[in-house]
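See structure below.
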4 protein chains.
Amino acid sequence: MRVKPDKKESILDAAEQLFAMKGYEGSSVRDICQLASVNLAMVNYYFGNKEGLFERLIERKASFLREKLQKLLDDPSLSYIEKVEAFADGYTDRLFERRGLTLTIMREMSMQQRCHFHEAMGEIFLGNFNIMRQILQRGIEAGAFRQVDVELTIATLMGTIHQVLINENMVRKFAAVQDDTDPYDDQNFRDRVKNYIKQLLRSYLVKV
Amino acid sequence: MRVKPDKKESILDAAEQLFAMKGYEGSSVRDICQLASVNLAMVNYYFGNKEGLFERLIERKASFLREKLQKLLDDPSLSYIEKVEAFADGYTDRLFERRGLTLTIMREMSMQQRCHFHEAMGEIFLGNFNIMRQILQRGIEAGAFRQVDVELTIATLMGTIHQVLINENMVRKFAAVQDDTDPYDDQNFRDRVKNYIKQLLRSYLVKV
Amino acid sequence: MRVKPDKKESILDAAEQLFAMKGYEGSSVRDICQLASVNLAMVNYYFGNKEGLFERLIERKASFLREKLQKLLDDPSLSYIEKVEAFADGYTDRLFERRGLTLTIMREMSMQQRCHFHEAMGEIFLGNFNIMRQILQRGIEAGAFRQVDVELTIATLMGTIHQVLINENMVRKFAAVQDDTDPYDDQNFRDRVKNYIKQLLRSYLVKV
Amino acid sequence: MRVKPDKKESILDAAEQLFAMKGYEGSSVRDICQLASVNLAMVNYYFGNKEGLFERLIERKASFLREKLQKLLDDPSLSYIEKVEAFADGYTDRLFERRGLTLTIMREMSMQQRCHFHEAMGEIFLGNFNIMRQILQRGIEAGAFRQVDVELTIATLMGTIHQVLINENMVRKFAAVQDDTDPYDDQNFRDRVKNYIKQLLRSYLVKV
DNA sequence: TATGAATGAGGGTTCATTCAT
DNA sequence: AATGAATGAACCCTCATTCAT
């Protein structure tokens, strides 16, 4: 072969895909290795055990988004509502693109099984959460926003997107995409979601 | 014996609790039976198999809420925004009270495993979905609401509540409840969520 | 209901049918009771346990044939070869009619599992075996038959019929019966078998 | 270790032995693995499942005999009756040597359980069946044999041997072997059976 | 006499993991 | 670095049987 495909990466990709479709416990190490075309023992060899594989998967995701959002927070050229909207856009794009992993993480966070996962997952979550919270709080302090419920506003932002990600069947019905197309890859639908969220937040946040 | 404890119900209760905490696959029939203090074979005796138990669990939930919401839709004494708010209140209460099952269902709906579950779960979901949709659409037609994105508005309603239900750890931080109290049973917090959602929707829906 | 169907008999009938099709271990007490339309506990109530049911099934078969064959042995109006042929005819008819039970017994006799069954089954078998042996031995002593291998001759008689009973698929091919007909109920085929056996035995037994 | 015992083969040997004694359903995978001194999971590892093990067992038997018999059919140096006798000898030897598996197969063929086994088993059976049929038919056409019932003649050949194999208890009585000896390994008894069959067939087939 | 509920043992199978090579 | 063989625990489920009524 010309390019040596990184086995470690193959396993992570396969795991991400299978975890998304079948859940953590529903995905056997055997299936993951078969999908990744590597030997069964490689998971334990590279990641120690199945849980190590999962944790590595989380870390892989954690990196990029926060830096981008952090810049947003500090950008003096944007108004508060523009920052909110930019955050919403970036966050939506990110979650749509990493839909599988997002769902996997959400499922794990809603369980008390494998609680040590929560730490790593919580950090990712909390990072974005705190950035958004600062944007909102500063906007309120500056008088640009009303005295809103900051934490629940963030829950709305995240929850709306998650809800869209969860109900693929339902989305398929009202997203007006072809049957063989992934609605989450459809630009029209993604724009619709982004515009909706921005309008919703603006209605709620901005003083009339 | 004085009171005959209904074994069938015990099993369902135990399953609801364990599924919520550890997921469907993470909960073994053994564990469920042990928690319910019944013999291992009773699950198969009463429900055929583990999947039958799950389906029965779904059906048990399905019953009450929809009738109540349906009445809402047809109540002529309420304005459109009052209907939306009443729906939000009822839905929030319901999901808070049945938090465990709600999370279990959400997790299953976000997976492609055990797809035959989706039918039963989808019906529950779709029922509430359609009622809310009708309220919104009629409100729009009547000119009481703006030309909003109906489906995504519903996603916001549901998604916000789910997001709150998922992140127990985070909720605990900003809900200001005592450590040993279930924040979802705290009346202050629940009212906070309900008020937030109503205000959010009112901001978005009602013309200025 | 008008005629009260004998439950005991219903169970025996159902068991005979299921044992024949699926074997002793392949037939669950549940299936038997369901086919017999009786309560699950009736098997243990009437027969003690599953093995008792089987033994009772054997006894039910044991009765009729031997008496008929015994009369044959003592009938002075028949020649030796006529006795052999009458025996073959009667035996063939009997085994064809009770095909299921015959197969069940054969299977059990060929296993070392549940050896206590062998006694009851062996008696049935041995009874017929001994009658035929006497016929043959007396025929040899009287000079009507050649000095043949008596025991193996009986094995041929029984084995040929069993072989025909076992291979239903093969029989169906060369028995020239309609697809929906039980070849063992087809008179032509049964006559063919009977004539074949008689001719075979005559060729072997009778001096030229 | 010096000699590496083939685990796969050990399992097959153990299964052959247990299936013969206790039947397919009466032999648990646990028992088989214990007898073979291998881990419980090895059956699934090597054969997929218990049925796969059985099928593999059949295939292992299928190989040798037919080639030998086929050569017989085409050997120009033998007369028709010599071919029949050679076939009978070879077939008897083979079935005596593989008594356990023969009984197992016969039992399975006589049941409607696990019908997919029948294909593989039927092929083995049919192969030998067809060779013998051709020998007989050509002998008849050549005028060496009488106009006999070909199919039932084969049933007699097979059935007689099977009958001897089934009734170990009875065989023990008239085979005149020591109590601790397997009568099927006794050369005298085997010769007796072979001679009997050859004489029986010659009587029936050959014109006087 | 007859039943539905209940039991404990054991069934086949899959799992994550380890080991010798 | 990488593998195929091997392991023991646990999985869900079915079994024949028993018990209170």
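Every chain is numbered from 1, with letters handed out A, B, ... down the list of sequences.
Taking atom CZ on B:F19 and atom P on F:dC12, their separation rounds to 9 Å, with Å as the unit. Between B:D6 atom CG and E:dA5 atom P there is a gap of 11 Å when expressed in whole angstrom units. Rounded to an integer number of Å, the gap from OH of A:Y24 to C1' of E:dA16 is 9 Å. In this structure, B:Q34 places its CD atom 14 Å from P of E:dT7, rounding to the nearest Å. Atom C1' of nucleotide F:dA16 and atom CG of C:L18 are separated by 16 Å, given to the nearest angstrom.
In this pair, D:F19 and D:F54 present their aromatic rings tilted. The plane angle is within the 30 to 60° band.
The side-chain heavy atoms of C:L103 and D:M111, taken from C-beta on, include no pair separated by under 4.5 Å. The shortest distance between side-chain heavy atoms of C:E108 and C:I105 does not fall below 4.5 Å.
In terms of polar N and O atoms assigned as donor or acceptor, the side chain of D:R30 comes within less than 3.5 Å of the base of E:dG12 in a complementary pairing.
B:N44 comes within 4.0 angstrom of a base, heavy atoms only. Among the protein residues, D:N39 comes within range of the nucleic acid bases, having at least one heavy atom under 4.0 Å from a base atom. Counting non-hydrogen atoms under 4.0 angstrom, A:Y46 reaches the backbone sugars and phosphates but no base.
With the nearest nucleotide of DNA chain F identified for both C:A41 and D:K7, D:K7 has the one nearer the 5' end. Heavy-atom distances to DNA chain F give each of B:S28 and D:Y45 a nearest nucleotide, and the one nearer the 5′ end belongs to D:Y45.
Distance alone, capped at 3.5 Å, places no donor-acceptor pair between the C:R56 side chain and the C:L12 backbone.
You'll find that the side chain of A:K50 is closest to E:dA16, out of F:dA10, E:dA16, E:dG10.
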